[in-house]
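As a basis for the values below, the full set of heavy atoms in this structure was taken, side chains included, without hydrogen atoms, waters or symmetry mates.
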Amino acid sequence: MKGRKKMRNQRNGRLFFLWAVFALAALLFAPMRADAGRLEEIAERGTIRIGTTGDYRPMSYLNPETGEYEGIDAELSQIIAKSLGVEIEYVPTSWPTLTEDTLADKFDFALCGISRNFTRARIMAMSDGYGVGYFGKTILCRAADAKKFQSLEDIDKPDVRVMINPGGTNEKFAHANLKHAKLIVHQQNAEIPSRIAEGEADIMITEVVEANHYVRLDKRLAAPMVDRPFTIHSCGALMMKGDQEFLNYINFVFAELRADGTMAKLEEKYLK
């Protein structure tokens, strides 16, 4: 009797130990499963919410005639959505509200020609970069004035009118580097090139890819310093901090696109 009782107590002790181990594991890993929920949420929802300004050629531009988004970021968005087996739900944002909208979780991530920089990376998460070598601050001006503007010093004069869109890195660059030029804020980034061509302002602070795009579209425009930009950087997807699994997935997609040559083809198509 005593032997059977001892064996029963030992068995019960082992069962209690195993129960305690499983209970502890459940407590430890439950938060990890909850934190890794973005991909699961997207799958359950059936859509991926992508924030975009829709005003930046050739990155992400909402074509008013077709109602469709165009550009390299539109194609990248389609690839990401297809890889997850979901549809795209575009969420309009703006450069002045981009950070606020990201932190408010209005979309799963934003993809619209967003410059990777330390300020954004400190408070949000940014994917690995793409378009390396294609991005940097430069100017757009009228073709007739191309020889007139060959440096920042040529631009930073009281009689030079510089038009910028609010809230993004173009505005920050202008305020940091132009102390004497007249800065004109225009809300619609996509309208600024035509305003320059029509003489409402002299200079647009923009990116190399955008400057090249509008020079091809409008022979009245020129980008005289496009081969020597003031800054060099890349672009990336922007999202809230806190979901490393989701960030890893976006980085994985970009890495695969680089590995199989798709990213290079898209950069050649839209950015070169």
Side-chain angles (χ1 to χ4, degrees), residues 47-84 86-95 97-98 101-102 106-117 120 126-138 140 165 167-170 186-194 196 204-218 221 223 226 229 232-239 250 253-254 256-258 260-272:
T47 61
I48 186 166
R49 303 171 303 161
I50 301 178
T52 179
T53 59
D55 65 350
Y56 186 180
R57 289 172 165 170
M59 307 306 292
S60 179
Y61 176 69
L62 179 58
N63 189 322
E65 296 181 0
T66 64
E68 300 291 331
Y69 284 92
E70 303 171 348
I72 185 172
D73 287 326
E75 287 211 38
L76 289 174
S77 297
Q78 292 165 9
I79 291 170
I80 293 169
K82 185 177 180 180
S83 75
L84 293 169
V86 298
E87 300 295 323
I88 295 175
E89 178 188 346
Y90 281 114
V91 180
T93 185
S94 67
W95 297 110
T97 64
L98 179 61
D101 291 346
T102 302
K106 290 189 176 181
F107 35 74
D108 299 307
F109 68 91
L111 194 66
C112 50
I114 302 170
S115 301
R116 282 162 40 92
N117 58 48
R120 285 174 173 146
M126 290 214 75
S127 73
D128 293 341
Y130 61 96
V132 179
Y134 292 98
F135 292 96
K137 294 302 177 191
T138 190
L140 194 65
N165 64 301
T169 55
N170 291 341
H186 188 77
Q187 296 294 326
Q188 299 299 323
N189 183 68
E191 295 177 356
I192 296 179
S194 63
I196 300 296
M204 176 186 185
I205 299 295
T206 184
E207 296 286 343
V208 168
V209 292
E210 190 173 33
N212 280 331
H213 179 82
Y214 282 106
V215 167
R216 288 193 297 269
L217 284 181
D218 193 334
L221 296 171
V226 74
I232 296 176
H233 59 267
S234 60
C235 286
L238 182 71
M239 63 191 75
I250 299 301
V253 173
F254 285 176
E256 291 299 292
L257 296 180
R258 282 191 290 271
D260 69 11
T262 300
M263 187 68 82
K265 291 178 182 177
L266 290 175
E267 291 171 345
E268 175 81 15
K269 176 181 178 180
Y270 289 104
L271 307 183
K272 190 170 183 181

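Counting only distance, with no hydrogens or angles, the side chain of E89 and the backbone of I48 share no donor-acceptor pair below 3.5 Å. No donor-acceptor distance shorter than 3.5 angstrom exists from the side chain of N189 to the backbone of N165, with no hydrogens or angles considered. A donor-acceptor distance shorter than 3.5 angstrom exists from the side chain of D73 to the backbone of G113, with no hydrogens or angles considered.
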(message) Working note: Y214 + I192, criterion side-chain contact (heavy atoms from CB on, under 4.5 Å); need CA distance, chi angles, decisive distance, verdict.
(response) CA-CA 10 Å; Y214 282 106; I192 296 179; over 6 Å; no
(request) Check step by step if side-chain contact (heavy atoms from CB on, under 4.5 Å) holds for F109 and L238. (result) CA-CA 5 Å; F109 68 91; L238 182 71; over 6 Å; no
(message) Pair R258, D128 - check side-chain contact (heavy atoms from CB on, under 4.5 Å), show working.
(response) CA-CA 11 Å; R258 282 191 290 271; D128 293 341; 4.1 Å; yes
(request) Begin from the C-alpha positions of Y69 and S77 and carry the test side-chain contact (heavy atoms from CB on, under 4.5 Å) through to its verdict. (result) CA-CA 10 Å; Y69 284 92; S77 297; over 6 Å; no
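The closest side-chain heavy-atom distance from L257 to L76 is below 4.5 Å. Within the 4.5 Å cutoff, no side-chain heavy atoms of L140 are placed close to those of E210. Looking at heavy atoms from C-beta onward, T102 lies out of side-chain contact with R120 at the 4.5 angstrom threshold. Using a 4.5 Å heavy-atom cutoff, the side chains of T53 and S60 are not in contact. The side-chain heavy atoms of F135 and L271, taken from C-beta on, include a pair separated by under 4.5 Å. Taking 4.5 Å as the limit, some side-chain heavy atom of M239 sits within range of a side-chain heavy atom of I250. With contacts defined as side-chain heavy-atom distances shorter than 4.5 Å, the pair P193/D218 does not qualify. Using a 4.5 Å cut-off on side-chain heavy atoms (C-beta onward), V215 and V226 make no contact.
Counting all heavy atoms, side chain and backbone alike, H233 lies closest to R116 at CB-O, 4.3 Å. Among all heavy-atom pairs drawn from S94 and D101, the shortest one is N-OD2, 4.5 Å.
In this structure, CD1 on I72 lies 9.0 Å from SG on C235, to the nearest 0.5 angstrom. How far OG1 of T52 is from CG of L111: 8.0 Å, rounded to the nearest 0.5 Å. Once rounded to the nearest 0.5 Å, the distance linking OG of S115 with CD of E207 reads 4.5 Å.
Under the rule for a ring pair (Phe, Tyr, Trp, His ring centres under 6.0 Å), Y270 has no partner lying at least two apart in sequence or in another chain. With sequence neighbours left out, R57 forms a salt bridge (charged side-chain N to carboxylate O under 4.0 Å, His left out) with no residue at all.
Sorted by first and then second residue, the salt bridge (charged side-chain N to carboxylate O under 4.0 Å, His left out) pairs with a member in residues 260-272 read E75-K269, E268-K272; sequence neighbours excluded.
Counted within 6.0 Å of CG on L217, heavy atoms from surrounding residues, nucleotides or ligands total more than 12; the atom is thus considered enclosed.
In this pair, Y130 and F254 present their aromatic rings perpendicular. The plane angle is above 60°, beyond the 30 to 60° band.
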